[in-house]
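Note sheet for the following structure.
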Amino acid sequence: MPRRTSPKRPTASVTATVCFADPKRILMVQVIWDGLFVGSFYALIALGYSMVYGIIKLLNFAHGDIYMLGAFIGFAALTSLGGIPATLSIGALLVVMLLSMVLTGGAGVLIERFAYRPLRGAPRLAVLITAVGVSFSLEYGIAAIAGPNPRAFPIRLEGNVFNIIGARISLPQIILILIAGVLMILLNFYVQKTSTGRAMRSISLDRNASLLMGINVNQVISRTFFIGSALAGAAGVMAGAYYGKIDFLMGFIIGLKAFTAAVIGGIGNIKGAMLGGLVLGFVEAFGSEWFGGQWRDVFAFAVLILFLTLRPTGILGERVTERV
Amino acid sequence: MAMLEFDNVEVFYGKVQALRGISLRVDEGEIVALLGNNGAGKTTTLSTASALVKAHSGKIAFNGADISKAQPWNVVGAGLIHVPEGRRIFSTLTVLENLQLGGYLVKDRSVVAKRIEHVYELLPLLAERRAQQGGTLSGGEQQMLAIGRGLIAGPKMLMLDEPSMGLAPLIVAQVMQVISEIRDQGTTVLLVEQNARAALKVTDRAYVIEDGVTTMEGKADDLLADPRIIDAYLGA
């Protein structure tokens, strides 16, 4: 029995003493940074999933394709603008991102209006299947318009790489995380402090009682779709500029990942979606660090299954103290 | 002048007929009770007025305007506020947020703030609990919050569905007291109650609904003395 534990003890104390010189420690910072970066992308997309689920209890499986649509709108806008000097690329990116947010937001509103609203009151499975149909329509619609082959994004964010406590951190990464952070702070303010935000939260709790408050539920649902889709569109442009390549199926896996993130945080919960995105980013980063990059998706979806079986309400879901 | 008027209103849930031609009127400044047993159609009547349920036929007029085809938010905008059965507090929102939602359609924020202060004066326990989640309040407190929330919209008329449900007798008396104060301040009230005795004490008139139609109508004092009412709704 004691044979198993005894040889381990001395090595543990040795590694502790050389900790600062250990390259593994430096690597750890890199892994955390990578997790944070990918996680903030997931969070941006997970927000739309979670907001829509919160308000109409629909898993909008077309949401990942809105992200793809955003990337293609960015691509089309930048292409039609022609050659942009490299020095202007951040400014151009922001302008194109705003344009893409408005258009993807509008697309989200139209999708809700014509695909989901007529099915309000229909069995939830019918709406879910419609969402899958919308997803295919977007994917193959874009494939028909822009072609099935991957496109190179017209601008590629490049910048200095800093060495911060050993991790390689590039300027574009910092900019993109900042943009994502600002968008999430704005969203949180909107949902917590404005009258429309309060209405979103009240509808997700009790739609009929919200009607009795005089809330035009259709209008608030439209706004929710607009905001969720605009955030996904922003993430699409950011991904195009960062990875440099887009294709019509790019939204599929990331849509599933964002769904996973929303479940981890507690679907329907906005802070949960942000937290879930980051957690998923870290899980993937550490998983691929320890077991190899080919295991990344396995980790992500294993976590999804774990949460669905063990804690379906997610980390922040349903913390209600209620007296009857 | 009739503030709210139902003229031969019929409502169906699928194939089941819930209202079989209800007619009633509530005049400005009145407080009227709607009595009846479970399933008689009291709640459906209120839900039809607030447009949660669509009338199949008949006409509903509020302040002279036809609201039978209106949307719920238009009804609220016109000043007809429905405080639903079971209070329907937004449980994870704070007391203050619940009250603010009551004023959703009021454009001027300072008006909403002023009305919230007024509700805090009328119902001081809500002021103490303003930062607490609505779901953590007791039943009586939730009922007060539901009524207060209805007042923030600045109602011309308030429809209250079973405000005494599940409350201790002492609390019921407090709720009824608040309701008559609201009327004294100029709001017309339509009160749905199973607790006929408590309701008739504060109301001017009452209707009795049975199986989707109004079967009796009269002054509260007369009904309190009516043997049929005593037998059916007041007990011995």
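In the text below, chain A, chain B and the rest are named by the order of the sequence lines, each starting its count at 1. Source: prediction; values computed, not measured.
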Non-hydrogen side-chain atoms of [X] and [Y] separated by less than 4.5 Å:
X: B:Trp73; Y: A:Asn218; answer: yes
X: B:Phe90; Y: A:Ser210; answer: yes
X: B:Gln71; Y: A:Asn216; answer: no
X: A:Leu212; Y: B:Pro72; answer: no

Can you tell me which of B:Leu101, B:Leu105, B:Asn98, B:Val75 forms the most heavy-atom pairs within a distance under 4.5 Å of chain A?
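The option with the most such pairs is B:Leu101.
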Would you mind telling me which of B:Leu93, B:Ile152, B:Asn74 has the largest number of heavy-atom pairs within less than 4.5 Å of chain A?
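It is B:Leu93.
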Reported [atom1]-to-[atom2] distance for the pair [X] and [Y], which is rounded to 0.5 angstrom:
X: B:His82; Y: A:Leu211; atom1: NE2; atom2: CG; answer: 11.5 Å
X: B:Ile89; Y: A:Leu205; atom1: CD1; atom2: CG; answer: 11.5 Å
X: A:Ser202; Y: B:Arg88; atom1: OG; atom2: CZ; answer: 11.5 Å
X: B:Glu97; Y: A:Ser195; atom1: CD; atom2: OG; answer: 11.5 Å

Tell me whether the count of non-hydrogen atoms from other residues, nucleotides or ligands lying under 6.0 Å of NZ in B:Lys114 goes above 12.
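Counting other residues, nucleotides and ligands, NZ of B:Lys114 stays at 12 neighbours or fewer.
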Please classify the contact between B:Arg109 and chain A as side chain, backbone, both or neither, with a heavy-atom cut-off of under 4.5 Å.
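The answer is neither part of B:Arg109.
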